[in-house]
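Fair warning: this is a prediction, and the values are worked out from it, not measured in the lab.
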Amino acid sequence: GNKDEKSSGGGGGNSDEIKVGLNLELSGPVASYGSGISKGAKLAIDEINKAGGIDGKKIVPVEIDNKSDAAEATAAAIKLATQEKAVAQIGSATSGDTVAAVQIANKNKMPVIGPSATSETVTVNEKGEVNEYAFRTCFIDPFQGQVAAQFALDTLKAKNVAIFSDSASDYAKGLAKAFKDTIEKNGGKVVAQESYVAKDTDFKSTLTRLKSKKPDFIYIPGYYEEVGLIIKQARAAGIDVPLMGGDGWDSPKMVELAGKDALNKTYFTNHYSSEDPDEKIQKFVKAFKAANSDQAPDAFNALGYDTVYWLKDAIERAGSTDGEKVKDALASTKDLSLVTGKFSVDDKHNTVKSATVLEFKDGKQVFNSKVNP
Amino acid sequence: MLKVNSIDVFYGNIQALKGVSLEVNEGEIVTLIGANGAGKSTLLKTLSGLLKPKKGTIEYLGQSIAGKPAQSIVKAGISHVPEGRRVFANMTVEDNLDLGAYLRSDRAEIAKDKERVFNIFPILLERRKQLSGTLSGGEQQMLAMGRAIMAKPKLLLLDEPSMGLAPIMVKTIFNTIEEIRKEGTTILLVEQNAHMALSIADRAYVIETGKVVLSGTAKELQETEQVKAAYLGGL
Amino acid sequence: MEWLQQLINGISLGSIYALIALGYTMVYGIIKLINFAHGDVFMIGAFIGFFAIARWGLGFFPALILAMVVCAILGVLIERIAYKRLRNATRIAALITAIGVSLLIEYTTIFFRGAQPEAYPDVIPNKSFHFLGAQISMQSIMILSVSIVLMIILQFIVHKTKIGKAMRAVSYDEEAARLMGINVDNTISITFAIGSALAGAAGVIFGIYYTKIDPLMGIIPGVKAFVAAVLGGIGIIPGAVAGGMVLGVVETVVSALGFSLWRDAAAFVILILILIFRPSGIFGKNTREKV
Amino acid sequence: MSNLLLKVEDVGIHFGGLKAVSDLNMEMYQGELIGLIGPNGAGKTTSFNMLTGVYKPTEGVITFDGKKMNNMSPHQVTKSGVSRTFQNIRLFKELSVLDNVKVANHSLAHHSVFSSILRLPSHFSGEAKMERESIEFLKIFGLDKYMHELAKNLPYGMQRRLEIARALAAKPKLLLLDEPAAGMNPQETHDLMELIALIREKFDLTILLIEHDMGLVMGICERIYVLDHGQLIAHGSPEEIRHNPKVIEAYLGEEVAE
Amino acid sequence: MKKSKVFWIYVAIALVVYAVVQFMISSGNFDMYYSNLFITIAINVILAVSLHLVIGITGQFSIGHAGFLAVGAYVSAIFTTNLGWPFPIALLMGAIAAAIAGLIVGIPTLRLKGDYLAIATLGFAEIIRIIFLNIDYVGGAAGMQVDYLTTWTYAFFVALITVVVISNFTNSRHGRACIAVREDEVAADSMGINTTYYKVLAFAIGSFFAGLAGGLFSHNFFIIQPSQFGFLKSFDILIYVVLGGLGSLSGSIIAAILLTVISLYLQDFPETRMIIYSLVLIIVMLYRPAGLMGTKEVTDLFKFGKKSKGGNVNE
Ligand SMILES: Nc1ncnc2c1ncn2[C@@H]1O[C@H](COP(=O)(O)OP(=O)(O)OP(=O)(O)O)[C@@H](O)[C@H]1O
Ligand SMILES: Nc1ncnc2c1ncn2[C@@H]1O[C@H](COP(=O)(O)OP(=O)(O)OP(=O)(O)O)[C@@H](O)[C@H]1O
Ligand SMILES: [Mg+2]
Ligand SMILES: [Mg+2]
């Protein structure tokens, strides 16, 4: 034990445990994302603790439900920083709820890692300054959009593309924007751009409208909960062009929602593939299934899991649970290889990692190609 | 037929009836008179099962009915025409009458009774498809009584059937009450219009602030000074 | 052609709203309670149907019946435990309790199975055929017919049967109803049973039609169905179907014009406009209070 | 005769298909006490509702004190000097007896929302005046001892009285009473008659009264209008009305008339 | 006269509470966690009291209060964050905007009754939310980052002003007119009260203060998003008012404080917090259907003899 460590901001009262805050959406409209992260993170924490913890100290998760509400997320971050004295906060799932915690993090020197907060505004404020204590595990929105656009133009030879994105999510909006810019820069044409709102279930009218514009490719950034239904309804409405999306598509539920047949000729960019034979990935998939009544992990589970391991890596490299040192370690991460890929952190605290393009074939995710940033 | 033995009835903490006893014999018209808030309606509500007495007994045809639910009391043959008519305004006249016969299943008999009601109140036949809420006050009162007759009661409880009615209607209503009695129904009548009530009743009770203060034949009471002053004055 | 297709889209969306709104309006018509938990009973129905089909291998109809029965029981339990005591309390107290019950059902479900969605298996093959260049799926025809048939049955029950008359009597004057020999508690329970069974059926049909179900799925359709019921004139059975259709078509038209982000706003704008010109909804009788 | 206060010309209203009142013509002069009778559903209360702006007549003209009232809302009518009671008592049940009267006194006070929020002197003087005047009214009706009681807790007869007191607190020129004696026994009815006479003197009122109690109507009204099926079937002094065959047939019945 | 004295005693007690909390904060005894708790309580009290005026006093069943909260939150945030105006003025602008929104919503809808009014107000609140969702200037769905300017002092004094204004309004002829509208609209109209005017006025005042609460809210949480102002937020506010006791000002204050604290405490039980919360709600309503306080005020509890109720004060 490092008894000399006068934890300024971290460490907790008990020196042989490490308190990690989980500020997540466990109830409210995006509860399924928050609970997805929670499951992945807790699996990782269990594994680490079973393997002896970090430098012999056990990780103690302190989980707070922010009800999918930014105000509650702020309050939760305050509680983690001031009452619980957590070493770091994991969460939240959405960029908005993560942003809500960022200023608290800076003030209290408590690193915040948003596992799935893809918006650029999480780590960089309006004035363009880096939020020192803010990080994310996922890659940022523009990257995925670019990859998808290149794939559409080069591999699928698409010319007239359409975009159908989730307007209630800045994640989807970010992807859509990057996609559109890249398409237009490279001579493609966006013939239609439409939006839906998360939690919708009926997309037929907009799909009918999209169909009448005769695109030869449709980009659908969003989360699988809606995208699954969109794909199903699109195919039923007679839209048979290739469809593509981002990591929000990754879930075993996708196949159940959309149906095997509808998914043929659909592609998405992802952090990793759960079908990837890679040993690390398969080990994770197996462990996750064992812990969650045989459910296969989705992207949220994987990101939650990785976030904990990343934090562990940073604490170990920092050799301390001091907030400032952990932050520096996080910021200097280089070529760390985890389930969702190998990544480094750049000077804007963006996580630079490769993206994988996957294709659905008869309900199976099949590796198509890998794109480096 | 009906024997009420010193019942106490409360609304929350407020005691509305204090040891009230009375009797109604088969074939009689018994009237209950008393000022506003004396507890007349409360008594009728207790008899028909809308309220439960805290103390005392109610015996009807030899059986105790105190505290039984309203539907079993209706089934036993007591029908209550509540104060203020309370017809189902958004339903037709005929639906209202059908509801009166809710617990019965003898279709043929029901049809006959409906005929009878239409005989007593021809206006209802004319209006059978009209929503009862659009009837005039007097017509609603007739409907309320008709509805009660449809239950084929042995004992009919009437709560201020003449309230708010035109003089000519009041007459019609009282004539009808006598008619109903002739056809074999016993009647317990609550009235403000003591003059009219006493003129058709056999016996009467005077109730004041929850207690029976006087009783006797209608004739006797009509002669009593106390009644004259308080309930027959004016005219 | 595109517009015909859009109209068909609107009607099939509207039938779903109508289906949920029927149960809403039924309960409201009798006890004047905005039963906010209705959307959650709908959700439970969807899950029962899911488990019946996907886990226990039942067919569509047995699953539907099972969901309806379970929901009917749930509805009666909710009424007996949470609403009965409040029958004579203010309407708003009952509304708050209904909100409480709604939250309780949602989060108890999440507690036991998590918040993640579930995908309905395909039990009814979704063939579709073409009509004047537009595409009509068998499922949407089924939903439309179910809504209309149920509407007719309900209308018949409420207006022509004895129990229906009892329901209306209770709704108008509970005490007078008791004087007719009507068992008020049972009548209200039956109302809840029917309304909740309808919600259960709607849940299963929704699941089959849209595939995805989750513990919070009842919130939005619940509110929309409430809007539909009010649009049509709350408490009026054909009004629920009409309101559902209007809502479905309006939403579809707005999306078809490319304003999908304003879709919900447009639905509420229509609601408010209709209420301003017809303060009791499309079929509601504009009864002025008789003074 | 003194000056014409109320003039009702060819007024009518229908609800959907139902013609509740048609071709109603009435005149009332300052200081009169007039009865309006007729069978149930004849349209008496409906006429009151038109006179007070609760219903808008579908035809005809109502002129009060030289002003046309057809399109006024109830509060405007009240401000121009007509006030009423209701057939089925409509007190503010959860308000105290005193506050019920103060509400009617509302439009006679002038302190603004701002003065009340900021508690300016005008608020205090305004409220004090309202309180004084309201208590005054309660005293006349013998209700001052119930001042702080909730209206719903008053006995029925007192509630009827309070309704009249409340109507008076708006300082009307014309007072409309809808079945004030309903549900009262002869003794109470008698007291009520005296009360009506008293307030009429004291406030220089003109009164229009609906009542089914013929003792009361015949006893105090100077003239009587009779409605049947929405139409005026007779008009005249109590004596004339008592012997009018149409009225006897439609309303009184044989005995009362004899 | 006595009653107004009692009222000022309560104001004095409130000031003492303010001073103590302020001392604890500035001396560092209360960290951010506590100051945030107290600010949140103050905001919720403002919301509860402002809705109390609409529902409890005027009897207008509005379930869209979050819409006005949103207007105040966004407008004030635009003034501070985008235009750089001083916070107090921005707060006022937000409140005025919300009051105007209240007028726009109130004038057409307040002639509706009961449940129809309820759904119309809910609809308007949703429309307001969707408008913000579609305006890119305020960040759309992603939300708008807002400067952290709300302090305990601001929150407390705005809450105090709200309570004083609404209590003064209620205990005057204007408040009485509103209560008369609640009790019987037809009778109130016939007694010379311009019922439309008072309904709209109460609605506008309620919206004004909801707008103030919105300004404090947005500047307390770094970011505002349209999703924070959905109908569930409106229900939260409604619950304060009903749970406290319809028509009871102090009841709505007590309920707002209680539920804020309970809600915060329940954060420690993420899996069961909503279950517990909903059970609390149901049980309180079942056993106290008229709310915790009924129509009584705290001031009534310290009184001897009978006094009038329904928000009435005799100065
Ligand atoms: N629901 C109730 N809650 C509380 N008290 C009540 C209730 N109903 C009646 N009371 C009280 O009980 C007493 C008796 O009332 P009841 O209605 O029986 O009188 P009544 O003789 O029928 O008078 P009326 O001639 O006015 O009809 C009255 O003091 C009344 O105020
Ligand atoms: N708001 C309304 N909607 C429909 N019909 C109405 C309305 N108000 C009154 N009526 C109808 O108008 C007619 C006259 O009713 P009104 O209440 O004026 O009668 P009334 O003469 O006062 O009778 P009563 O002596 O019974 O009080 C009745 O047939 C009544 O049903
Ligand atoms: Mg009575
Ligand atoms: Mg009348």
Side chain, backbone, both or neither of [X] within contact of chain C (heavy atoms, under 4.5 Å):
X        : result
E:Leu243 : neither
E:Leu112 : side chain
E:Phe61  : side chain
E:Arg111 : side chain
E:Leu246 : side chain

Checklist line | C:Phe36-E:Phe235 aromatic ring centre distance below 6.0 Å | finding: yes
Of the non-hydrogen atoms in [X] and [Y], which two are nearest, and what is the gap between them?
X        : Y        : value
C:Ile276 : E:Pro108 : CD1-CB, 3.5 Å
C:Ala93  : E:Pro289 : CB-O, 3.4 Å
C:Leu103 : E:Ser278 : CB-CB, 3.7 Å

Notebook entry, point to check: More than 12 heavy atoms of other residues, nucleotides or ligands under 6.0 Å from CZ of C:Phe259: is that the case?
Noted result: no
Margin query: Please identify, among C:Leu95, C:Leu104, C:Thr97, the residue contributing the most non-hydrogen atom pairs under 4.5 Å to chain E.
Written below: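 Top option by heavy-atom pairs under 4.5 Å: C:Leu104.
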Notebook entry, point to check: For chain E, which of C:Ala82, C:Ala98, C:Ala94, C:Gly100 has the most heavy-atom pairs under 4.5 Å?
Noted result: C:Gly100
Part of [X] within contact of chain E (heavy atom distance under 4.5 Å):
X        : value
C:Ile234 : both
C:Leu275 : both
C:Ile272 : side chain
C:Ile34  : side chain

Roughly how far apart are [X] [atom1] and [Y] [atom2], rounded to 0.5 Å?
X        : Y        : atom1 : atom2 : value
E:Glu271 : C:Phe112 : CD    : CZ    : 12.5 Å
E:Ile275 : C:Ile105 : CD1   : CD1   : 11.5 Å
C:Trp262 : E:Ile130 : CH2   : CD1   : 8.0 Å

Checklist line | Most chain C-contacting option - heavy-atom pairs closer than 4.5 Å, from E:Phe124, E:Phe231, E:Tyr277 | finding: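 Looking at each of E:Phe124, E:Phe231, E:Tyr277 in turn, E:Phe124 comes out on top.
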Check: Heavy-atom distance under 4.5 Å between the side chains of C:Ser280 and E:Tyr116, does that happen here?
Finding: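 In contact.
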Notebook entry, point to check: Within a strict 4.5 Å, meaning less than it, do heavy atoms of the E:Ile119 and C:Val227 side chains meet?
Noted result: yes
Margin query: Between C:Arg91 and E:Asp115, does any side-chain N to carboxylate O distance fall below 4.0 Å?
Written below: yes
Next item on the list: For C:Val101 and E:Leu281, run side-chain contact (heavy atoms from CB on, under 4.5 Å): C-alpha distance rounded to whole Å, both residues' side-chain angles, the deciding distance at 0.1 Å, then the answer.
Entry: CA-CA 9 Å; C:Val101 171; E:Leu281 211 64; over 6 Å; no
Item checked: Working for side-chain contact (heavy atoms from CB on, under 4.5 Å), residues C:Ile92 and E:Val241 -> CA-CA 10 Å; C:Ile92 204 167; E:Val241 177; over 6 Å; no
Next item on the list: Is it possible for you to check whether C:Arg85 lies under 6.0 Å from the centre of the six-membered ring of E:Tyr287, through NZ or CZ, and within 45° of that ring's axis?
Entry: yes
Next item on the list: For side-chain contact (heavy atoms from CB on, under 4.5 Å), just list the numbers for E:Ile127 and C:Val269, CA-CA rounded to whole Å, side-chain angles, deciding distance to a tenth of an Å, and then say yes or no.
Entry: CA-CA 8 Å; E:Ile127 292 171; C:Val269 168; 3.6 Å; yes
Check: Do C:Tyr107 and E:Thr272 pass the side-chain contact (heavy atoms from CB on, under 4.5 Å) test, and can you show the C-alpha distance, the side-chain angles, and the key distance before you say yes or no?
Finding: CA-CA 8 Å; C:Tyr107 288 98; E:Thr272 48; over 6 Å; no
